[in-house]
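All values below come from the heavy atoms of this structure, side chains included, with hydrogens, waters and symmetry mates left out.
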Amino acid sequence: MFSNKNNVNILTALLVQHGVRHAVVCPGSRNSPLAHNLNECPDITCYPVTDERSAGFYALGMSQALGKPVAVCVTSGTALLNLAPAVAEAYYQHVPLVVISADRPPQWIDQLDGQTLPQPDALGRFVAKAVSLPEPRDEEEHWYCNRLVNEALIVRHVPVHINVPITEPFFDFTTASLPLERRIELLPSDISNPTLSHVCCMFIQSKRPMLIAGQPMNPNLDEAVLLVEDDEHYVPDFVLYIGGSIVSKRVKHFLRKARETWVVNATGEVTDTFMNLTHVVQGDGEVVADQVRFLLEQQPHPFVQKWEQLLEKVREASMAYEPDYSEMAAVKYFEGRQEEGCCFHYANSTAIRLANIYARHKVWCNRGVNGIDGSLSTAAGFSCVTDDMVFCVVGDLSFFYDSNALWNQNLKGNFRILLLNNGRGGIFNMLKGLEQSPARDKFVAAEHHTSAEGICRQNDVVYLKAENMEQMQQGIDTFMSMASNRPIVLEVFTDPSADEQAFKGLHTRLLQLKSGGDGLEG
């Protein structure tokens, strides 16, 4: 029988799955659930050592002899600090120690309670990864605990630290078996031919594979998922995710229905966006994606073709939809006149969502953290070091927040800004339920009556504006083609309710495909 502590059982199960077969165990009450599980597990051999400082070096020696990770388990308080000399030695010898420390619940740290000190980062830079596990109370916290353990155990050749807060009571050992936990595996850092072939074979041999590319963009995927999110026939069983941020919440929730995801990134980082990650391939995502696309050209896959047909129908419907004067109409018209050799930056929020509908080229966007604060400065800096035309499509809050980007003597005439000004954060008009709050317009959406004209004048920036469809189209034609040695801003004023109706109209047009008007199947 095992402990009734969920985080302890998750950890024990994953230690076994990641190949840990030896553990040095130090005495203590707080770590008794850990000691019990390690001893109870038939796949792990335990070695008792009372002195924690000595225990760390015992584990170091075992790992040296075995060439495999060895765990060392201690109770809370200074017991963990006593491992520091051995952990430092292991770090510089590149020896894979797994330090496991029991801990008090976080609310009792620094409250003059017994054996409490801040443990999660106590070993500092001498561990490659340090995690502190939650005590799971629901499925999402269970997923989080599982992910944290995997993040630590996926690291090789250097020590890691797994801190385990445990609440009383400690001595309930009534769980009949360990949980079946998802293991995340790291594939080699150099994408050698065998690894690349293995990834491609997994994709081609799956019944319902999907290749997902994150940033810079995933055009029309959100609209396509809107049509099929309740249709199990479109749910992939294998997702190959070429890193980068996904803009759409709808897409992320849909892909969490998939059976498993393999992510490709340059760092080998565990990014479990869809909550079903099983493999991390450390390498160049474009190399993997190009190989998959090449194989699909040689051997088309029915499920991939099914999605391509759906996306094509969505693209056609999106382009056929003619919104009334709005931000959507402005971006559609602008994208319809884009030229080769230009660079395109889109700010976060509504702007990047419109790019996902209409852009058919590379898009730059600050999707690392998704903030609106530096979009204009990023595009401005980009324009300073290239002779290409650089366009930035930006909303009003993002523009005014970052307007000092224009206060710079290095800016040139190759920088053009399409400013979409509807007098607020328009995205907040589309969040269901928020309309019930009287604080929405003033405090959440930051309603305002500000124009960029004065800012442009003080910074010697050419200013154009549009207040209707004809002015907008003429303005876009002008600001894309006119010669200038200074940046140009075209400020397009729209009504937030019209912007909201434009999105709703597009969704209505797309849902006609779902209802059978044009049919989803090609």
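Comment: Arg293 does not engage Glu297 in a salt bridge, judged by the lack of any side-chain N to carboxylate O separation of less than 4.0 angstrom. Under 4.0 Å is where a charged nitrogen must lie from a carboxylate oxygen, and between Glu312 and Arg315 at least one such pair does. Looking at Asp387 and Lys412, a side-chain N of the basic residue comes within less than 4.0 Å of a carboxylate O on the acidic one, giving a salt bridge.
At least one side-chain heavy atom of Thr271 sits less than 4.5 Å from a side-chain heavy atom of Asn265. Inter-residue side-chain proximity for Val95 and Pro159 is flagged as unmet; no heavy-atom pair is nearer than 4.5 Å.
Put simply, CD on Gln474 and OH on Tyr333 are 8.5 Å apart, with the number rounded to the nearest 0.5 Å. Atom CD of Gln17 sits about 11.0 Å away from atom CD of Glu185, to the nearest 0.5 Å.
Remark: the His18 side chain and the Asn150 side chain contain an N/O donor-acceptor pair separated by less than 3.5 Å. Side-chain N/O atoms of Asp499 and Asn422 include a donor and acceptor closer than 3.5 Å. Side-chain contact check for Asn9 and Asn37: at least one donor-acceptor pair (N or O, by modelled atom type) lies under 3.5 Å. Between the side chains of Asn366 and Thr378, at least one donor N or O lies within less than 3.5 Å of an accepting N or O. In this model, no donor atom of one side chain and acceptor atom of the other lie less than 3.5 Å apart for Glu260 and Asn276. Between the side chains of His507 and Gln512, no donor-acceptor pair of N or O atoms lies under 3.5 Å.
The distance between the ring centers of Phe238 and Trp262 falls below 6.0 angstrom.
Under the rule for a side-chain hydrogen bond (donor to acceptor under 3.5 Å, both in side chains), Glu229 has no partner lying at least two apart in sequence or in another chain. Taking the side chain to side chain contact (heavy atoms under 4.5 Å, CB included) definition, one finds that Cys342 meets it with Glu339, Phe344, Met389, Phe391, sequence neighbours left out.
Within the cation-pi definition used here (under 6.0 Å to the ring centroid, within 45° of the axis), Arg360 does not qualify as a partner of Tyr358.
Listed by first then second residue, pairs satisfying salt bridge (charged side-chain N to carboxylate O under 4.0 Å, His left out) with a partner in residues 263-283 read Arg182-Asp272, not counting sequence neighbours.
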